[in-house]
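Working notes, beginning with the structure itself.
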Amino acid sequence: MDAGIVAQQMGMIVILVAVGFYLYKRKIVDDRMSQKLSVIVIDICNPAMILSSMISGQVDANHTELLIALGVGGAFYLLLVILGVLIPRLLRVPKDKRRFYNVMTVYTNVGFIGLPVTKAILPDDAFLYAVVCNVMYALLFYTHGVSALSGGREKMNLRKVFSPGTIAAILGILACWFRFVPPEIIRGSVGHIGNATVFLSMSLLGVSIARSNIGRGLKDLRLWGFVALRLILVPIALFFALKGFGMDSMLILGFTLMALMPVGNLPLIQAEKTGEETETLSNGIAITTIVSMVTITVLMIVFMSWA
């Protein structure tokens, strides 16, 4: 895929985000409807898109490639956990807010945004790496994530690890491993459900931006330092590290794209649930999401020409 197509696909995504922004401002979509649609996307559409891509036979990966993907995915998230400790200190974040920057570093939007964006701008074979990142994310958030966000007060919840998205991702990897292709009636049905993901998820992203306090986040210089480190320097370093190890170009592009994702919503939801302060996370989500529309477009154009 050349640079023009990447820019065109990201332009389409920006338009879909703008549709969501418009729908919220015109009060066509309110907070309650947004919440219900988010459940549909997270628990039905996203899992269906994962399964559809993995059972269609379009993701052509052998056992060695699958094991390499899982190994790189594990190493990638180990790196993020380490950076989650280092980046707040580099930015001199006050101690009482370091845990927020910690989870913002590790838990980016690899599902809600990452899956549809991967589907839109990369070949089918790269989708495997987005799926692997979603598995790693789920395994980590309800163990490391809830503990880090609460400063160790909140207990790990292993039961929540197995969400519909995680189950779909694991089933998809197993289907790819055993090269299982179900009947057309199953593939077609799952595919139609999954096709709704891109529009719904991007529109809901626009709704999220519309109701956030962007002005306050724009004035936060420490947050802009975080953007420079996490959304620009980390993906660039990852790209050259994977290239230096001689990894396949699709693996490089898949994991690098996941590294470009903005801060995810799950830490904010968890913080609201436990009564934590949410302004830092809310501003981080809004600013990184807006900036990522530019950084994903520009850096992926560059990376695809170099991979």
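For this chain, numbers begin at 1 and follow the sequence in order.
- Follow the hydrophobic side-chain contacts under 4.5 Å out from Val207 and you reach Val14 in the same cluster.
- Residues Val190 and Met49 fail the side-chain proximity criterion, which asks for heavy atoms closer than 4.5 Å.
- Across Tyr129, Phe245, Tyr77, a single residue satisfies ring-ring contact (aromatic ring centres under 6.0 Å, His included) together with Phe255, and that is Tyr129.
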_Derivation and outcome, side-chain contact (heavy atoms from CB on, under 4.5 Å), residues Cys45 and Leu200_ = CA-CA 9 Å; Cys45 294; Leu200 286 177; 4.1 Å; yes
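- Considering every non-hydrogen atom in both Ala169 and Ile50, the closest pair reads CA-CG2, 3.7 Å.
- Each of Leu16, Val198, Leu205 was evaluated against Pro116; a single residue qualifies, Val198, per the side-chain contact (heavy atoms from CB on, under 4.5 Å) test.
- Here the OG atom belonging to Ser292 is positioned 9.5 Å from the CD1 atom belonging to Ile13, to the nearest 0.5 angstrom.
- Separating the CZ atom in Arg92 from the CZ atom in Arg222 is a distance of 9.5 Å, to the nearest 0.5 Å.
- Judged purely by atom type and a 3.5 angstrom limit, Asn102 has no side-chain atom pairing as donor or acceptor with the backbone of Arg98.
- Without hydrogens or angle criteria, Ser203 side chain to Val17 main chain gives no donor-acceptor distance under 3.5 Å.
- Contact of the Thr108 side chain with the Pro262 side chain is not registered, since no non-hydrogen atoms from C-beta on lie closer than 4.5 Å.
- Within a 6.0 Å radius of NE2 in His192, other residues, nucleotides and ligands contribute 12 heavy atoms or fewer.
- For Val110 against Met261, the heavy-atom pair with the smallest separation is CA-CG, 4.2 Å.
- Side-chain contact between Thr289 and Val263 is absent, with no heavy-atom pair separated by less than 4.5 Å.
- A chain of hydrophobic side-chain contacts below 4.5 Å, direct or via other Ile, Leu, Val, Met, Phe, Trp or Tyr residues, connects Phe199 to Ile28.
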*Ser201 and Asn46: side-chain contact (heavy atoms from CB on, under 4.5 Å), yes or no, with the steps?*
CA-CA 9 Å; Ser201 61; Asn46 250 359; 5.7 Å; no
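- No donor-acceptor contact under 3.5 angstrom links the side chains of Asp30 and Tyr24, judged on distance only.
- Between Leu122 and Met304, some side-chain heavy-atom pair lies under the 4.5 Å cut-off.
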*Show your reasoning for whether side-chain contact (heavy atoms from CB on, under 4.5 Å) applies to Leu80 and Tyr137.*
CA-CA 11 Å; Leu80 291 183; Tyr137 183 109; over 6 Å; no
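- No donor-acceptor pair closer than 3.5 Å links the side chain of Lys36 to the backbone N or O of Asp31.
- Residues Val117 and Ile121 are in side-chain contact: their nearest non-hydrogen atoms beyond the backbone lie under 4.5 Å apart.
- In the hydrophobic clustering of this structure, Met33 groups with Ile40; members are Ile, Leu, Val, Met, Phe, Trp, Tyr whose side-chain heavy atoms approach within less than 4.5 Å, directly or through other members.
- Looking at Phe100 and Leu149, their side chains come closer than 4.5 Å, going by heavy atoms from C-beta outward.
- Side-chain contact between Trp224 and Leu218 is present, with at least one heavy-atom pair separated by less than 4.5 Å.
- From Lys219, atom NZ reaches atom CD1 of Ile287 across 11.5 Å, with rounding to the nearest 0.5 Å.
- Using modelled atom types, one side-chain atom of Arg99 and one backbone atom of Asp96 make a donor-acceptor pair closer than 3.5 Å.
- Between the side chain of Thr143 and the main chain of Leu140, a donor-acceptor pair closer than 3.5 Å is present.
- A donor-acceptor pair under 3.5 Å is formed between the side chain of Thr197 and the backbone N or O of Gly194.
- The distance from the CE atom of Met250 to the CD1 atom of Ile252 is 9.0 Å, given to the nearest 0.5 Å.
- At least one donor-acceptor pair closer than 3.5 Å links the side chain of Tyr107 to the backbone N or O of Gly145.
- Note that the CG atom of Leu231 and the CG atom of Leu299 stand 9.0 Å from one another [nearest 0.5 Å].
- Of all non-hydrogen atoms in Gly84 and Val106, the two that sit nearest each other are CA-CG2, 4.3 Å.
- Between Ile68 and Asp248 the shortest side-chain heavy-atom distance does not fall below 4.5 Å.
- Panel note: side chain Arg230, backbone Thr105; a donor-acceptor pair is recorded below 3.5 Å.
- For Arg187 (side chain) and Pro182 (main-chain N/O), a donor-acceptor pair under 3.5 Å exists by modelled atom type.
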*Let me see the working for Asp125 and Glu65 under side-chain contact (heavy atoms from CB on, under 4.5 Å), right down to the final yes or no.*
CA-CA 11 Å; Asp125 283 350; Glu65 290 168 336; over 6 Å; no
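- In terms of heavy atoms, Pro235 sits closest to Ala259 at CG-O, 3.5 Å.
- The backbone N or O of Trp177 sits less than 3.5 Å from a side-chain atom of His63, completing a donor-acceptor pair.
- Leu67 and Met136 fall within the same hydrophobic cluster, defined by Ile, Leu, Val, Met, Phe, Trp and Tyr side-chain heavy atoms under 4.5 Å apart, directly or through other members.
- Residues Ile55 and Val181 share a closest heavy-atom pair of O-CG1, 3.7 Å.
- Considering CE of Met300 and OG1 of Thr118, their distance stands at 8.0 Å, rounded to 0.5 Å.
- A pairwise comparison of heavy atoms in Pro47 and Val41 identifies CD-O, 3.8 Å as the closest pair.
- Cluster membership check: Leu260 shares its hydrophobic cluster with Leu233, using side-chain heavy-atom separations under 4.5 Å among Ile, Leu, Val, Met, Phe, Trp and Tyr.
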